[in-house]
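Here is the structure we will look at.
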Number of protein chains: 2
Amino acid sequence: MNGRSYGGKTQRERQLAREKILLDTGLELFGRDGIAAVSVRKICRESKLTDRYFYASFDSPEALLVAVYLREAKAINDIVMAALLANLDKPITDMLRFGLDRFLARMQNPHIARVMTLEIDVCGERGDQCRDAYVNELSSLLVSVKRQIQPAECCDDALDRWVGIGLIGTMRQLVLEWYRKGYQTPKQTILDASLHIWLSALGIRDT
Amino acid sequence: MNGRSYGGKTQRERQLAREKILLDTGLELFGRDGIAAVSVRKICRESKLTDRYFYASFDSPEALLVAVYLREAKAINDIVMAALLANLDKPITDMLRFGLDRFLARMQNPHIARVMTLEIDVCGERGDQCRDAYVNELSSLLVSVKRQIQPAECCDDALDRWVGIGLIGTMRQLVLEWYRKGYQTPKQTILDASLHIWLSALGIRDT
DNA sequence: CTATTTTGATGACACGCGACATCACATACT
DNA sequence: AGTATGTGATGTCGCGTGTCATCAAAATAG
């Protein structure tokens, strides 16, 4: 056998448990201090794991940050998608409202907000790839929504893709400023501003 | 006299000349490698100045980055404002188009784009303050444009401020992705996408 | 000419870093 | 039982960093 069990846990279980600890610690540290102030030593001190186990899972703090980002991106995706699917029968305006609301609720966690909007941008090539992939994914989702509203006309694919990117940037900046000012503004205001821009850009009459 | 002249230059002249060299070098290094990979030693090696002169002007690489940011922000402001004022007679749509065009032209310099959209966000409290100030300034400008179009109705100041922030975020993300993909997309496409979002969000009929 | 200031080059110091090695102890297998 | 493997604590290595001190050459001032 290649891996002996220990403490009642199989090798894989221990490995995954450690990975989860590292991911949680990473979210905490990156979200609190920023990646510029995080080192392998600090991660290990905070997580009470030896560097051996850090290197077993990740090559560098940057790699850990990317993993944290991917985990949170997936969580957000699941939550928002669930909200969208649960409101498929309602008018598109309400559907988007519920989706954005769940998104903002998630972003009300300052650590998540910081990692998703700030730190991922300064952790090298791999981080850029992930962010681009995620932004493009969201952008495509938006384009498909727009297509559902205006199926025939306005079919400039390239342009619409960039409009989608711009609308993602809208959310990003709103979340960033919201976070930076300590969430003093009510979520509803941020939601209203987002919705206003999104609906008008998608050609839906504002309510 | 407190400062002796040297090489035909007064003390103040030499000081300012060195500061300019440091700002130029900073833009080059921050824009090429990112602040995470820049140190006092590297700045000095690249600029051929001793660390004594670096510390005479700035406390840290972060402080230099902030100074670079402020210089470029002012340059952008001057250029965009000039474009706006030169087209005050034209319809608002065209005015905004010219302003955005000058803005994008500036952002076509990859070093400027990187510093303005990425690096400034991860250089500590002081950098955050500058970015917030700049974003709020631009946001206010947008709000005043909207006020000029719809003076009476829709007077929710708080909401409009956040809409302005969101629209700044639009530009930011568009520039970021444009830069990240090596400016392969024509400037005109980025401009069209920006304008589409801006005009619709400001309640101006799209052309 | 001489004294003072400015400049450039170099070295020194303590510190935190990534990365790896060592060693004693705990648990698991046979 | 005894052997093999997992685990945690600690130490060590070279490196780049921020910061400061030193020293010789160049230019200015009186």
Side-chain angles (χ1 to χ4, degrees), chain A residues 1-22 24-26 29-30 32-68 119 122-127, chain B residues 1-22 25-26 29-30 32-67 119 122-127:
Chain A
M1 202 186 313
N2 213 340
R4 180 181 287 183
S5 62
Y6 201 89
K9 315 263 179 190
T10 158
Q11 155 136 327
R12 182 158 202 85
E13 286 171 333
R14 281 172 329 208
Q15 158 77 15
L16 289 180
R18 284 192 209 103
E19 219 164 282
K20 169 159 168 42
I21 292 180
L22 287 171
D24 292 341
T25 312
L29 289 187
F30 295 136
R32 171 151 56 82
D33 307 330
I35 191 175
V38 171
S39 63
V40 175
R41 275 182 161 91
K42 286 181 185 172
I43 295 170
C44 292
R45 203 182 313 144
E46 185 89 7
S47 65
K48 297 182 193 310
L49 287 177
T50 307
D51 56 356
R52 189 198 303 141
Y53 297 121
F54 176 85
Y55 288 118
S57 291
F58 306 99
D59 284 341
S60 60
E62 283 76 19
L64 173 60
L65 174 55
V66 168
V68 171
E119 301 300 327
V122 282
C123 89
E125 192 63 25
R126 188 91 187 86
Chain B
M1 204 185 313
N2 212 341
R4 179 180 288 183
S5 62
Y6 201 92
K9 314 264 181 187
T10 158
Q11 155 136 325
R12 183 159 202 86
E13 285 172 333
R14 280 171 291 153
Q15 159 76 13
L16 289 179
R18 284 191 208 106
E19 217 165 284
K20 169 160 169 42
I21 293 180
L22 286 171
T25 310
L29 289 187
F30 295 136
R32 172 152 54 82
D33 308 330
I35 191 175
V38 171
S39 62
V40 175
R41 273 184 163 88
K42 286 181 185 170
I43 295 169
C44 293
R45 202 182 314 142
E46 187 88 7
S47 64
K48 300 185 192 306
L49 287 177
T50 306
D51 55 356
R52 190 198 303 141
Y53 298 122
F54 177 85
Y55 287 119
S57 292
F58 306 100
D59 285 341
S60 61
E62 282 76 17
L64 173 60
L65 174 54
V66 168
E119 301 301 326
V122 282
C123 87
E125 190 63 25
R126 187 90 187 85

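In what follows, every heavy atom counts, from backbone to side chain, and hydrogens, waters and symmetry copies are set aside. So that the names make sense, note that chain A is the first sequence line, chain B the second, and so on, each numbered from 1.
Note: NZ (A:Lys48) to P (D:dA9) measures 9 Å, nearest angstrom. Rounded to whole Å, atom C1' of D:dT12 lies 16 Å from atom CZ of A:Arg52. Atom CZ of B:Phe58 is separated from atom C1' of D:dT19 by 18 Å (rounded to the nearest Å). For the pair B:Tyr6 OH and D:dA29 P, the interatomic distance rounds to 11 Å; values are reported in whole Å. Rounding to whole angstrom units, CG of residue B:Leu49 and P of C:dG8 are separated by 7 Å. Residue A:Lys9 contributes atom NZ, which lies 15 Å from atom C1' of C:dT27 at whole-angstrom precision. Per the geometry, CZ belonging to A:Phe54 stands 18 Å off C1' belonging to D:dG8, to the nearest Å.
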Could you go through the side-chain contact (heavy atoms from CB on, under 4.5 Å) check for A:Phe54 and A:Leu49 one step at a time? CA-CA 7 Å; A:Phe54 176 85; A:Leu49 287 177; over 6 Å; no

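The shortest non-hydrogen separation linking B:Glu46 to B:Thr25 is CG-CG2, 3.5 Å. Taking every heavy atom of both residues into account, B:Thr50 and B:Cys44 meet most closely at C-SG, 3.9 Å. Pairing each heavy atom of A:Phe30 with each of A:Glu119, the nearest pair is O-CG, 3.9 Å. Considering every non-hydrogen atom in both B:Ala67 and B:Phe58, the closest pair reads CB-CE2, 3.6 Å. Scanning all heavy atoms of the two residues, the minimum distance from B:Asp33 to B:Ala37 falls at O-CB, 3.8 Å.
Side-chain N or O atoms of B:Ser5 include none that pairs as donor or acceptor with a backbone N or O of B:Gly8 at under 3.5 Å.
Using a 4.0 Å cut-off on heavy atoms, the residues of residues 10-19 of chain A that approach DNA chain D are A:Gln11, A:Arg14, A:Arg18, listed by number.
Side-chain contact between A:Glu13 and A:Leu16 is absent, with no heavy atoms from C-beta onward closer than 4.5 Å.
With distances taken from any side-chain atom of A:Arg4 to the nucleotides D:dA27, C:dC29, C:dA26, the minimum falls on C:dC29. Looking at the side chain of A:Ser5, the nearest of the listed nucleotides D:dT7, C:dG8, C:dC29 is C:dC29.
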What does the B/S/- profile of nucleotides 11-18 of chain C look like, 5' to 3', with a 4.0 Å heavy-atom cutoff to protein? -B----BB

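A salt bridge is absent between B:Arg14 and B:Glu19: the closest approach of a Lys/Arg side-chain nitrogen to an acidic carboxylate oxygen does not fall below 4.0 angstrom.
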